[in-house]
Structure formats: structure tokens, C-alpha cells
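Below you'll find the structure, written out as C-alpha cells, and then a few comments.
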Amino acid sequence: KLGNIPNWSMLPRVTCPGSTPECRSACYVGGKTGYINMYPSVFKAYSGNTESAKSNLWTGDVIKYLAKKSPKYFRIHVSGDFHKVDYIRQWNQIIAMFPKTQFLAFTRSWRVSRLQNALETLKSLPNVQIMASLDSSTEHSAPSGYRLASMGKPTIKDRFIMCPGYGPKELTCEDCGICFRSNSTNVWFPIH
């Protein structure tokens, strides 16, 4: 769905401290039919990134890539999540270095109290959208100040649109860009 948008991803679950039973069971990356099980190269890449994230070594690779390619958009975590305060601070430094790139991450780590302050600082940067990821077990405790992304059609009354990537045109994120824009609405994604 990303099109040509680059991303940084890690293994699911082990880097997802805010996950819920519902999101773990429906995970399109790490579930029984998840694509890390279908594609060994993806598993290898995400495993390498997960190991690299245990140190500061990963930041150099991301910085070199962004400096060389200058992408319009960059997706943080197709798989994985913000799992440590230091890791969030490292993303803060990287994002601040590349003001012409618009960054996007969906997170359930808003549910983890030790990570909340660092996430608030990160989402205050003008070129990043941090969307609070929800499912039916968390939608009624959605945090204020976040745009929301729901797994499955939400029942809460906030305004949501279905991701245009699942509509008749099946747009890529690169074509659509709605989640990358700060003035956009909340989005819901069919469970897939």
C-alpha cells in the first residue's frame, strides 16, 4: 500500500509494548498468515532492524538514506512500534534534521505511561504525524491531541474516513497522502 514510500520497520510484538490481544491476533505482519512468515527476506530485514535498534547504530543508516534520497514521505513502523524512550528521542533528532520530509507513524504506545512524554515531544514536530492506533478494546480511551487510526470501523463519534487505499481506486499511500497531512481527519482501516 505504501507505493514507493520508504520505511523503517522492526519485528512485531517484541517491539509493541502498547499492543492489545485484538491487534496481536489481527496483525497482518506477525500473525499466522503475516507477511514476515511468507517472505523470509522481510523477516531478515525486520530482525536486523530490531537488533540494530538496541544500539544507536541504526540512526546512521537512516540518516544516510534520508540525506541521499530526500523523500517527500517516510513511514516509521509498517511493523513494530515505539518501544523505548531513547528510541523515540532518536527519531526526534532524525526528524528534526529533515524538515522537508513528512514522517508518519501509527502507534499504540500512547497506552504506555513511560513513553507518553517522549511521544508528546515527538508529535510536536511540524513534519511528523503520530496517529494513535485503536481497536474496539481501546477506542473509548483514545488520547486527546492525537489524530486517530482505527483497526476496523470505529463506533466512537469522532469523524473517521475509510482509508482510500481500500476504495474502488485502491490508491497507494504515495498517491493519497492523507495520513501525512496535519489538517486531515481520522482514518479507519478494514481488518486485513
Side-chain angles (χ1 to χ4, degrees), residues 1-3 5 7-39 42-43 46 49-50 73-83 87-88 91 102-113 115-116 118-120 122-123 128-192:
K1 294 276 182 210
L2 286 178
I5 295 174
N7 75 90
W8 165 267
S9 293
M10 298 182 293
L11 290 175
R13 297 188 179 149
V14 296
T15 62
C16 300
S19 67
T20 64
E22 188 172 344
C23 77
R24 287 189 297 273
S25 70
C27 184
Y28 62 91
V29 178
K32 290 179 184 176
T33 59
Y35 64 80
I36 63 169
N37 297 318
M38 295 176 6
Y39 304 105
V42 173
F43 178 79
Y46 290 6
N49 289 350
T50 302
Y73 297 131
F74 191 92
R75 171 77 185 272
I76 304 169
H77 305 144
V78 169
S79 174
D81 206 341
F82 298 107
H83 58 291
Y87 178 76
I88 297 169
W91 272 114
Q102 187 65 36
F103 295 82
L104 168 68
F106 298 91
T107 186
R108 289 175 189 265
S109 292
W110 61 268
R111 300 178 64 234
V112 181
S113 59
L115 302 175
Q116 289 170 350
L119 283 171
E120 287 293 327
L122 181 64
K123 84 180 189 65
V128 67
Q129 290 295 306
I130 306 293
M131 296 181 72
S133 186
L134 309 173
D135 58 45
S136 64
S137 69
T138 61
E139 68 181 20
H140 295 289
S141 60
S144 62
Y146 280 83
R147 285 178 57 211
L148 307 175
S150 181
M151 181 181 78
K153 191 168 185 175
T155 60
I156 56 178
K157 294 180 181 174
D158 291 288
R159 186 168 169 246
F160 281 82
I161 63 163
M162 185 176 80
C163 168
Y166 295 94
K169 292 184 180 180
E170 292 191 10
L171 298 172
T172 66
C173 296
E174 183 179 23
D175 297 328
C176 174
I178 194 168
C179 293
F180 287 92
R181 292 194 296 271
S182 62
N183 60 350
S184 293
T185 185
N186 301 320
V187 179
W188 70 273
F189 300 87
I191 296 174
H192 53 286

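- At least one side-chain heavy atom of Pro12 sits under 4.5 Å from a side-chain heavy atom of Ile36.
- When atom types are taken as modelled, the side chain of Asp81 and the backbone of Thr15 share no donor-acceptor pair closer than 3.5 angstrom.
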- Could you check Tyr39 against Tyr46 for side-chain hydrogen bond (donor to acceptor under 3.5 Å, both in side chains), going step by step and ending with a plain yes or no? CA-CA 11 Å; Tyr39 304 105; Tyr46 290 6; over 6 Å; no

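- In this structure the side chain of Ile5 never reaches within 4.5 angstrom of the side chain of Leu104, judged on heavy atoms.
- Atom CG of Leu119 is separated from atom OG1 of Thr107 by 5.5 Å, given to the nearest 0.5 angstrom.
- Contact of the Glu120 side chain with the Tyr146 side chain is registered, since non-hydrogen atoms from C-beta on lie closer than 4.5 Å.
- A donor-acceptor pair is defined here as one N or O able to donate and one able to accept, closer than 3.5 Å; such a pair exists between the side chain of Ser25 and the backbone of Glu22.
- Looking only at distances, a side-chain donor or acceptor of Asn49 sits under 3.5 Å from a matching main-chain atom of Ser9.
- The main-chain N or O of Ser133 is found under 3.5 Å from a side-chain atom of Trp110 such that the two form a donor-acceptor pair.
- Of the inter-residue distances, the one linking Met151 atom CE with Arg108 atom CZ reads 5.0 Å to the nearest 0.5 angstrom.
- Under the 3.5 Å distance criterion, the side-chain polar atoms of Arg24 are left unmatched by any main-chain donor or acceptor of Arg13.
- How far CZ of Phe180 is from CZ of Phe103: 10.0 Å, rounded to the nearest 0.5 Å.
- Under a 3.5 Å cut-off, the side chain of Glu139 and the backbone N or O of Thr155 do form a donor-acceptor pair.
- Side chain of Thr50 to main chain of Leu11: a donor-acceptor pair is present (N/O by atom type, distance under 3.5 Å, no hydrogens or angles).
- Ring pair Tyr87/Trp91 is perpendicular by interplanar angle, where above 60° counts as perpendicular and below 30° as parallel.
- The structure places CZ of Arg181 at 6.0 Å from SG of Cys176, a figure rounded to the nearest 0.5 Å.
- Closest heavy-atom contact between Arg111 and Gly18: NH1-O, 2.7 Å.
- Between the side chain of Arg159 and the backbone N or O of Asn186 there is no donor-acceptor pair closer than 3.5 Å.
- Residue-environment remark: CZ (Phe160) exceeds the threshold of 12 foreign heavy atoms within 6.0 Å.
- Here the CG-CD1 distance, from Leu122 to Ile76, works out to 6.5 Å after rounding to the nearest 0.5 Å.
- Counting all heavy atoms, side chain and backbone alike, Ser79 lies closest to Met10 at OG-O, 2.6 Å.
- Of all heavy-atom pairs spanning Pro143 and Leu148, the tightest one is O-CD2, 4.3 Å.
- The backbone N or O of Phe82 lies less than 3.5 Å from a partner atom in the side chain of Ser109, making a donor-acceptor pair.
- Here the shortest heavy-atom pairing between Met162 and Pro190 reads SD-CG, 4.0 Å.
- The side-chain heavy atoms of Asn7 and His77, taken from C-beta on, include no pair separated by under 4.5 Å.
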